[in-house]
Amino acid sequence: GSNYRLVADIDFEGKAPIRLSRFTGNIMGDRHRLLNARWSATQPSALLDRNDGLIRDLVIEGFRIEGHPGSTPDRLALIVLRNRGTLRNVRGGEGNRIDLGSPAATRDPASANEDEDLLPVSAWRVGGLTSENSGMIEDCDWMIQVTIQPASEAVGGIVAWNRGTLRRVTARAWMNAMSGTGVGGVAGVNVGEVRQARLEFVPFEVQRGEMRTTPSRVVGLSSVGGIVGRNLGTIAQASVWASVQGEQDAGGDAGLNAK
């Protein structure tokens with residue numbers, strides 16, 4: 001595959017980038033930012049359909065997927081739908097959101113004044129960074145807000161369904177999948193390995209130049225966990241600074257540990 005190096009930030013200005021079907025090369029972000037991409041959740045949404053290469057040292061800010069009336073999308077993510085390669089030091093900054101029904105009472109403090117009552121849809125395999133991982137995700141610090149009002153399954157702050165390895169990852173997540181099963185701050189469902197994972201405080205600006213933090217929040221119906229919603233794999237060296245709420249099988253590291 002080819003090698004690419006970002007030499008400046010790229011602003012998509014609220015438009016949906018053309019999704020690449022498969023990537024096999026290397027992207028060196030050099031800590032530059034991709035900004036302000038926006039999709040409607042009428043079909044699987046992300047920058048890449050499949051990554052078999054290496055994406056590293058990249059910052060994502062202001063990426064957003066919005067609900068669409070009547071749609072039932074299968075696989076949503078902001079960066080990669082299916083990761084079979086490596087995502088390293090990819091960082092999520094301010095404004096990354098997946099909104100599939102946003103009642104005002106569930107919004108995070110940073111966006112509490114926004115008037116966005118999106119029509120709800122159901123959704124499956126919704127991940128902040130990637131929908132499915134069978135490769136490696138390491139040294140990533142990812143901030144995300146996810147709101148899904150009706151039925152959903154496998155919802156994760158970083159990855160929806162993990163079959164590969166997550167190592168040294170941090171999620172800063174404000175998640176509300178009120179009718180969801182398999183909801184996790186880091187991974188919705190894990191059948192692989194999650195090592196040295198943290199669910200940390202979410203920073204937000206209360207006024208210009210003044211920052212505060214609030215604990216992450218993970219809300220679902222069943223199998224709701226700070227790190228993993230439903231675990232059939234390995235979780236090691238995890239820490240959670242968050243509120244975790246579910247009607248059935250809710251816990252700090254894992255909501256339901258079925259291994």
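These numbers come from a predicted model, not from an experiment.
- When hydrophobic clusters are built by joining Ile, Leu, Val, Met, Phe, Trp and Tyr residues whose side-chain heavy atoms come closer than 4.5 Å, directly or via intermediates, I27 is grouped together with V90.
- Annotation: side chain of V219 is not in contact with side chain of V183 (no heavy-atom distance under 4.5 Å).
- Between the side chains of E132 and S134, no donor-acceptor pair of N or O atoms lies under 3.5 Å.
- Here M28 contributes atom CE and L58 contributes atom CG; the two are 12.0 Å apart, rounded to the nearest 0.5 Å.
- Minimum heavy-atom separation, T86 to E138: CG2-OE2, 4.2 Å.
- In terms of hydrophobic clustering, with Ile, Leu, Val, Met, Phe, Trp and Tyr side chains grouped at heavy-atom distances under 4.5 Å, I158 and L76 are assigned to a common cluster.
- One hydrophobic cluster, built from ILVMFWY side chains closer than 4.5 Å, holds both F23 and V159.
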Run S222 and D249 through side-chain contact (heavy atoms from CB on, under 4.5 Å) and show every step you take. CA-CA 6 Å; S222 63; D249 297 323; 5.5 Å; no

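- The existence of a salt bridge linking D74 and R125 is confirmed by a sub-4.0 Å separation between a basic side-chain nitrogen and an acidic carboxylate oxygen.
- A donor atom on one side chain and an acceptor atom on the other are found under 3.5 Å apart for R91 and N89.
- Inter-residue side-chain proximity for I137 and N162 is flagged as unmet; no heavy-atom pair is nearer than 4.5 Å.
- Residue W124 is not grouped with residue L100 when hydrophobic side chains (ILVMFWY) are merged at heavy-atom distances under 4.5 angstrom, including chains of intermediate members.
- When all heavy atoms of V80 and N83 are compared, the pair lying nearest together is CG1-N, 3.8 Å.
- The two residues A37 and W39 have their closest heavy-atom pair at CB-CH2, 3.8 Å.
- Between M143 and V202 there is a side-chain heavy-atom pair separated by less than 4.5 Å.
- When side chains are defined from C-beta on, L48 counts as touching I55, because their heavy atoms get closer than 4.5 Å.
- Nearest approach of A171 to V186, heavy atoms of both residues: CB-CG2, 4.0 Å.
- Interatomic distance, M175 CE to S216 OG, rounded to the nearest 0.5 Å: 10.0 Å.
- With respect to E153 and R230, a salt bridge is recorded, a charged nitrogen being found less than 4.0 Å from a carboxylate O.
- A distance-only check finds no donor-acceptor pair linking the side chain of R172 to the backbone of E200 [under 3.5 Å].
- Here R217 contributes atom CZ and Q245 contributes atom CD; the two are 5.0 Å apart, rounded to the nearest 0.5 Å.
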Decide yes or no on side-chain contact (heavy atoms from CB on, under 4.5 Å) for N257 and I235, but give the supporting numbers first. CA-CA 10 Å; N257 201 335; I235 302 174; 5.6 Å; no

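- Among N231, N133, T234, the single residue meeting the side-chain hydrogen bond (donor to acceptor under 3.5 Å, both in side chains) criterion with N190 is N231.
- Looking at every heavy atom in both residues, D11 comes nearest to E13 through OD1-N, 2.8 Å.
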Dump the intermediate steps for side-chain contact (heavy atoms from CB on, under 4.5 Å) on L6 and D30, then the final yes or no. CA-CA 6 Å; L6 267 67; D30 283 356; 5.7 Å; no

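- Residues T214 and R212 are not in side-chain contact: their nearest non-hydrogen atoms beyond the backbone lie 4.5 Å or more apart.
- Under a 4.0 Å N-O distance rule, the pair D57/R88 does not qualify as a salt bridge.
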Applying side-chain contact (heavy atoms from CB on, under 4.5 Å), run through V224 and V244 and close with a yes or a no. CA-CA 7 Å; V224 185; V244 179; 3.9 Å; yes

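- Remark: the backbone N or O of F63 is paired with a side-chain donor or acceptor of N96 at under 3.5 angstrom.
- Summarising the geometry, atom CE belonging to M178 is positioned 5.0 Å from atom CD belonging to Q149; distances are rounded to the nearest 0.5 Å.
- Atoms CH2 and CD1, from W142 and I60 in turn, are 5.5 Å apart once rounded to the nearest 0.5 Å.
- Linking Ile, Leu, Val, Met, Phe, Trp and Tyr residues whenever their side-chain heavy atoms come within less than 4.5 Å leaves I148 and L221 in two separate clusters.
- Taking both residues in full, the closest heavy atoms of L199 and A242 are given as CD2-CB, 3.4 Å, listed atom of the first, atom of the second, then distance.
- A 4.5 Å side-chain heavy-atom check between W174 and N176 finds every atom pair outside the cut-off.
- Remark: L81 CG to N51 CG distance equals 11.0 Å, nearest 0.5 Å.
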Check the pair R82, D49 against salt bridge (charged side-chain N to carboxylate O under 4.0 Å, His left out), reporting the backbone distance first and the verdict last. CA-CA 6 Å; R82 295 174 293 171; D49 181 60; 2.6 Å; yes

